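Working notes for the structure below.
Model, not experiment: these values are computed from the prediction.
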Amino acid sequence: MSRSSDDRIIESIRLYREALDETQALYIEAGKLVRGSYGWLGGGDDPDAASVADQMNDLHQGFLMKVFATAVPDASAKNIEQRQLGRVLLEHIWGKSVLGSQLHEAVDWLIGAADEFQWSDLVRPFVELPELRDHWGELETLAMRMATLLTSVDGTVSAVDNDRIGRMKEQFDAARGRAPETLTREVDTSNARDALTWLREEAKRLREGVGPTAAEKPTPLAGPGGSAGRDVTATTSTKPAAVDEPIDERSPEERLADAKAKLNGLIGLENIKDQITTLTNFLAMERRRKELDLPTSRPSLHLAFVGNPGTGKTTVARIIAEIYGALGILEKGHLVETDRSGLVAEYAGQTGPKTNAKIDEALDGVLFIDEAYTLIDESGQDQYGREAIQTLLKRMEDQRDRLVVILAGYPVEMRQMIRSNPGLSSRVGTTMQFSDYSPEALCRIFELIANKSKYTLPTESRRRLLRGFTYLHANRDRHFGNGRTSRNSLERSVRRLANRIATVEEVTRELLTTLEPEDIEVAGVDPMHLKAMAAQPGKVRVECKGIPQVIDDQLLGTEVQCEACGETFLADWGEPVLELPAGEEEAL
């Protein structure tokens with residue numbers, strides 16, 4: 001084997017390990033996100049709630065195996081380089097090295113076992129659980145990266161390899177196409193509940209089926225794919241042992257500092273940060289006054305979040321819950337997310353108990369109700385929604401020391417809802433307005449997500465991205481996706497990158513991690529229009545230590561010299577500056 005071949009496989013192994021670790025982290029973090037709503041989806045206080053992250057960790061192993069088997073489907077045809085990546089995958093799953101003849105047999109088993117898995121099962125939580133749908137792009141991106149590495153590790157990429165990757169894309173598209181847009185109907189709630197019930201059983205099955213001894217069995221268990229024809233109701237009585245709630249060993253000061261760091265790390269939302277900082281400082285002051293036996297006051301902590309989709313309302317709600325917990329305002333400081341479907345029942349007499357059960361789950365924490373305005377019908381004929389509101393109002397008053405409620409939704413509808421109900425208007429003390437993200441902020445969100453997968457953006461790619469988001473922002477309506485638009489745009493751009501390098505024989509780290517201008521696609525903008533907009537010259541406003549200055553946008557992503565202080569700074573992004581045609585400025 002030549003030195004260049006050695007270098008290539010060493011680099012491929014390193015990149016593959018990175019992708020495996022990132023996939024595991026994504027699944028585990030996804031499990032943590034689900035826990036906020038796990039109780040009501042599981043049917044109450046379920047002891048398995050604490051183990052969702054562990055179950056997702058088990059599921060990610062089947063996902064990794066399926067990607068490998070898709071890219072290397074023929075065990076007899078795999079080359080030595082692919083076997084080495086198979087060794088890396090087995091080490092990741094089993095936690096031990098496999099060498100020699102055992103490696104050959106283990107990789108054969110890996111491919112055979114993964115053939116029984118179904119893509120729809122392996123990605124099901126990201127399809128049916130609303131908390132995870134925004135992470136679909138990350139999941140698909142990781143799969144494409146790993147498949148590309150596996151097919152190109154020997155230095156060649158065939159038409160057959162490209163077909164395999166293409167079929168994998170089709171499987172992702174098919175799985176995503178089955179996802180409901182929102183959980184607004186009982187049937188959708190049942191889908192999510194079934195998904196979590198399935199996850200418990202399949203995690204246990206997978207844990208038993210892909211362990212180090214599985215390859216030694218004559219007929220290894222199939223793992224996730226084995227659930228396709230199984231009667232779930234016949235097995236749900238067998239539950240894995242409950243995992244104790246992890247103990248948070250941080251001091252209140254450390255918890256508060258971490259929550260503030262998360263808040264300050266958010267892109268944009270400056271008015272929201274200021275409001276939360278002011279509220280936090282006030283509550284901290286009142287706590288110190290109480291310690292000194294001074295008179296104190298406690299304003300209503302219930303909030304209304306108004307803004308269009310994708311503006312970070314749920315993320316900020318989680319941070320507020322952490323802040324209240326750190327300050328001792330709430331004993332737990334956890335967040336429970338729900339919407340109309342989690343409060344309103346299908347039959348008369350069931351809404352009150354269902355709403356109370358959701359509130360009980362949120363006690364000593366924050367109850368976040370998305371699209372809260374759907375609880376009030378303009379006609380006044382929605383008795384179920386009215387019952388949920390009355391139940392909620394009573395609990396908000398009776399247990400105001402143990403419960404904080406955040407109502408979220410579109411600006412107009414939320415204002416109408418609060419004004420129409422005196423009980424709500426008197427209890428909701430603060431309304432926070434979540435504005436649409438600016439073009440610069442959308443670019444920063446795009447880059448933040450891209451950096452997690454090690455993608456970089458050269459100057460021309462930045463220009464094209466900024467032009468596209470500027471166009472979308474100027475033509476936006478109330479359904480503008482904001483942060484989700486950035487995420488969707490990255491997903492589409494990564495697909496274009498995958499298509500571009502599919503026929504490249506020598507795939508390098510730079511090729512796998514650089515989003516060139518031709519790769520950039522902005523969701524909702526025609527690619528030819530985007531290219532034409534980027535062909536025009538333009539200016540952007542940037543800042544150095546708070547001092548604004550205008551530069552050519554062809555300097556984006558480079559070090560520039562500050563006109564005021566003379567020092568250099570990175571002009572990563574900037575706000576577009578409208579330039580008037582020659583002669584028009586004088587006329588003004």
Side-chain angles (χ1 to χ4, degrees), residues 15 18-19 22-23 26 67 70-71 123 126 134-152 157-159 161-177 439 442-472 481 483-535 553 556-557 573:
L15 293 172
E18 284 184 0
E22 289 176 29
T23 304
L26 174 61
V67 172
T70 301
V123 301
F126 294 89
D134 284 346
H135 296 276
W136 179 269
E138 295 178 49
L139 183 67
E140 186 172 358
T141 297
L142 285 165
M144 296 305 168
R145 280 175 56 193
M146 290 185 286
T148 302
L149 282 167
L150 287 163
T151 55
S152 63
V157 179
S158 66
D161 292 330
N162 291 332
D163 288 341
R164 290 168 185 162
I165 295 178
R167 285 196 295 271
M168 186 169 72
K169 290 181 183 179
E170 292 173 359
Q171 292 290 334
F172 270 88
D173 291 340
R176 191 178 192 183
L442 292 172
C443 289
R444 292 188 183 279
I445 294 171
F446 182 102
E447 185 176 32
L448 179 67
I449 303 171
N451 285 343
K452 291 181 180 179
S453 296
K454 304 295 192 299
Y455 289 110
T456 61
L457 293 162
T459 294
E460 286 304 312
S461 299
R462 292 171 182 268
R463 292 183 69 248
R464 190 171 295 198
L465 193 64
L466 182 58
R467 297 297 176 89
F469 285 143
T470 300
Y471 175 81
L472 282 183
R484 294 176 189 143
T485 299
S486 294
R487 190 181 298 275
N488 291 339
S489 298
L490 175 62
E491 176 185 334
R492 297 186 182 197
S493 299
V494 169
R495 286 189 179 191
R496 292 174 69 93
L497 168 63
N499 288 335
R500 179 170 61 83
I501 68 175
T503 57
V504 177
E505 293 187 359
E506 189 70 26
V507 179
T508 63
R509 178 183 177 86
E510 184 178 2
L511 275 174
L512 287 169
T513 59
T514 305
L515 291 171
E516 298 291 352
E518 59 267 33
D519 301 325
I520 298 299
E521 181 175 345
V522 174
V525 180
D526 182 86
M528 294 304 295
H529 186 199
L530 183 62
K531 181 178 180 181
M533 288 190 294
D553 65 2
L556 284 175
W573 298 104

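- Between the side chain of Arg462 and the backbone N or O of Leu556, no donor-acceptor pair lies under 3.5 Å.
- Side-chain contact between Leu511 and Arg500 is present, with heavy atoms from C-beta onward closer than 4.5 Å.
- Checked by atom type and distance alone, the side chain of Ser152 never pairs as donor or acceptor with a backbone atom of Glu506 at under 3.5 Å.
- Interatomic distance, Thr141 OG1 to Glu22 CD, rounded to the nearest 0.5 Å: 10.5 Å.
- Comment: Glu518 does not engage Arg464 in a salt bridge, judged by the lack of any side-chain N to carboxylate O separation of less than 4.0 angstrom.
- For the pair Val525 and Met533, the minimum side-chain heavy-atom distance is below 4.5 Å.
- Side-chain contact between Leu515 and Leu490 is present, with heavy atoms from C-beta onward closer than 4.5 Å.
- Taking 4.5 Å as the limit, every side-chain heavy atom of Tyr455 sits out of range of all side-chain heavy atoms of Ile449.
- For the pair Ser486 (side chain) and Leu442 (backbone), a donor-acceptor distance under 3.5 Å is present.
- Considering all non-hydrogen atoms of both residues, Ile520 and Arg496 come closest at O-NE, 4.2 Å.
- Here the straight-line distance linking atom CD1 of Ile501 with atom CD of Glu510 works out to 11.5 Å at 0.5 Å rounding.
- In this structure, Lys169 places its NZ atom where more than 12 heavy-atom neighbours from other residues, nucleotides or ligands lie under 6.0 Å away.
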- Query: So Val522 and Phe469, side chain to side chain contact (heavy atoms under 4.5 Å, CB included) or not? Walk me through it.
  - Reply: CA-CA 7 Å; Val522 174; Phe469 285 143; 3.8 Å; yes
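- Summarising the geometry, atom CD belonging to Glu491 is positioned 10.5 Å from atom CD belonging to Glu138; distances are rounded to the nearest 0.5 Å.
- Judged by distance alone, the side chain of Asn488 and the main-chain N or O of Thr485 form no donor-acceptor pair under 3.5 Å.
- Although no hydrogens or angles enter the test, the distance criterion places a donor-acceptor pair under 3.5 Å between the side chain of Asp526 and the main chain of His529.
- Residue Ile165 holds its CD1 atom at 12.0 Å from CE of Met146, rounded to the nearest 0.5 Å.
- Proximity of Ser461 to Asp519: side-chain heavy atoms (C-beta onward) are nowhere separated by under 4.5 Å.
- The closest side-chain heavy-atom distance from Arg164 to Thr151 is not below 4.5 Å.
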- Query: Step by step, would you call Thr70 with Arg167 a side chain to side chain contact (heavy atoms under 4.5 Å, CB included)?
  - Reply: CA-CA 9 Å; Thr70 301; Arg167 285 196 295 271; 5.9 Å; no
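- With rounding to the nearest 0.5 angstrom, the CZ atom of Arg495 is 4.0 Å from the CD atom of Glu140.
- Heavy atoms only, all atoms of each residue included: Ser493 and Glu521 are closest at OG-N, 3.0 Å.
- Contact of the Glu447 side chain with the Trp573 side chain is registered, since non-hydrogen atoms from C-beta on lie closer than 4.5 Å.
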- Message: Show, in sequence, the C-alpha distance, side-chain angles and deciding distance for Arg467 and Asp553, and conclude whether the side chain to side chain contact (heavy atoms under 4.5 Å, CB included) test is met.
- Response: CA-CA 10 Å; Arg467 297 297 176 89; Asp553 65 2; 2.6 Å; yes
- Message: If you apply the rule side chain to side chain contact (heavy atoms under 4.5 Å, CB included), what do you find for Arg145 with Leu512, and how did you get there?
- Response: CA-CA 7 Å; Arg145 280 175 56 193; Leu512 287 169; 5.6 Å; no
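- Of the possible donor and acceptor atoms, one in the side chain of Ser489 sits under 3.5 Å from a partner among the backbone N and O of Ala523.
- Interatomic distance, Leu530 CG to Leu465 CG, rounded to the nearest 0.5 Å: 8.0 Å.
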